[in-house]
Peer 1: 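Here it is, the structure in full.
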Amino acid sequence: AGLFKLVWSVCVISGAFFFIRSLLQFVNNEGWAAGTRNGWILTAAFFVDAWLLGIMLQRMGYGCMTVGIRVRAALCNAVCKKCFNMATIDQDMAADAVSFMASDISKIFDGCQEIHYLWTAPIEAGAILTILAVLVKVYALPGWGVICIVLPCQYAFGWKIIQNKVKNSKNTQARGGMIQEILPAMKLVKYYAWEQFFEKRIADIRARELKLQFKNSIIKTINFSMVFGTPPMTACVIFASYELMVGRLAATLAFTTLSLFNILRFPLVVLPKALRALSEALASIARIEEFL
């Protein structure tokens, strides 16, 4: 699946750089792409590139899905076997087992789907910036500077979200366990008038849970603002520098650069998502290992 993802990245970047640049040369009737014969060659190459994109993406998804299904089946079997082999099981362990089957195993499955985006996103960003350096030469340095700032921030934000989610999982488990204890004993709670006591305890846990979720929401908002604001800002800086120092910007160079910045948004978007999915999967694996 990782190899298919790498081929997909190569097809996307080559389509944004080579084919768009060649298409503009064909329209302007300049360069090697001029002529009807070369136009038909470009059309066939476009078709092959799009076909490979679809095939590689499908094969990568199939491979990740296969691995995820196998992992999910094995973990479900292991948790059920552990529960069946126990002589007795208390309410806390029963709540943990239900949480594993309903939530944690699904998070591990989601992590299997996103894992290849984690290591290919920096490679794609580096390849795009290298092509930009070849196109606009030294004027691509502002773009390199912005990406060198944004990518570490992406990893830092992802790591912070991981820490908050790990902390919040304890609050979620505590709240769920308390509710499962209260519901079967609701008659006793009503009889002794313990409603306010338990309500206060659940509200305190929920307040801590919402506080961490609010922090994560702020981090995600800043992260997405950086993701969608970085490509146009970097393109503006590069075009301004090129226009002032070199002269008029050619259409082939401008549209090729814009297409590269357009696909640069993809690795910046999927990187925090992959980090979040992988962090939740690792936390779920740790909880299941402790239970087993």
Peer 1: List for me each residue that meets side chain to side chain donor-acceptor pair (under 3.5 Å) alongside R72, sequence neighbours excluded, and say none if there are none.
Peer 2: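 Not a single residue meets the side chain to side chain donor-acceptor pair (under 3.5 Å) criterion with R72.
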Peer 1: Shortest non-hydrogen contact from K160 to I219?
Peer 2: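 So the minimum-distance heavy-atom pair works out to CG-CD1, 3.4 Å.
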Peer 1: For Q58, check side-chain contact (heavy atoms from CB on, under 4.5 Å) against everything at least two apart and list the hits.
Peer 2: Y62
Peer 1: Could you pull out every donor-acceptor pair under 3.5 Å between side chains of residues 202-214 and any protein atom, sequence neighbours left out?
Peer 2:
residue, atom, partner, partner atom, Å
D204, OD2, K200, NZ, 3.3
R206, NH1, E209, OE1, 3.2
R206, NH1, E209, OE2, 3.4
E209, OE1, R175, NE, 2.8
E209, OE1, R175, NH2, 3.3
E209, OE2, T172, OG1, 2.9
E209, OE2, R175, NH2, 3.1

Peer 1: If you group Ile, Leu, Val, Met, Phe, Trp and Tyr whenever their side-chain heavy atoms sit less than 4.5 Å apart, what else falls in with I69?
Peer 2: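 Under the 4.5 Å side-chain rule, I69 groups with M65, F109.
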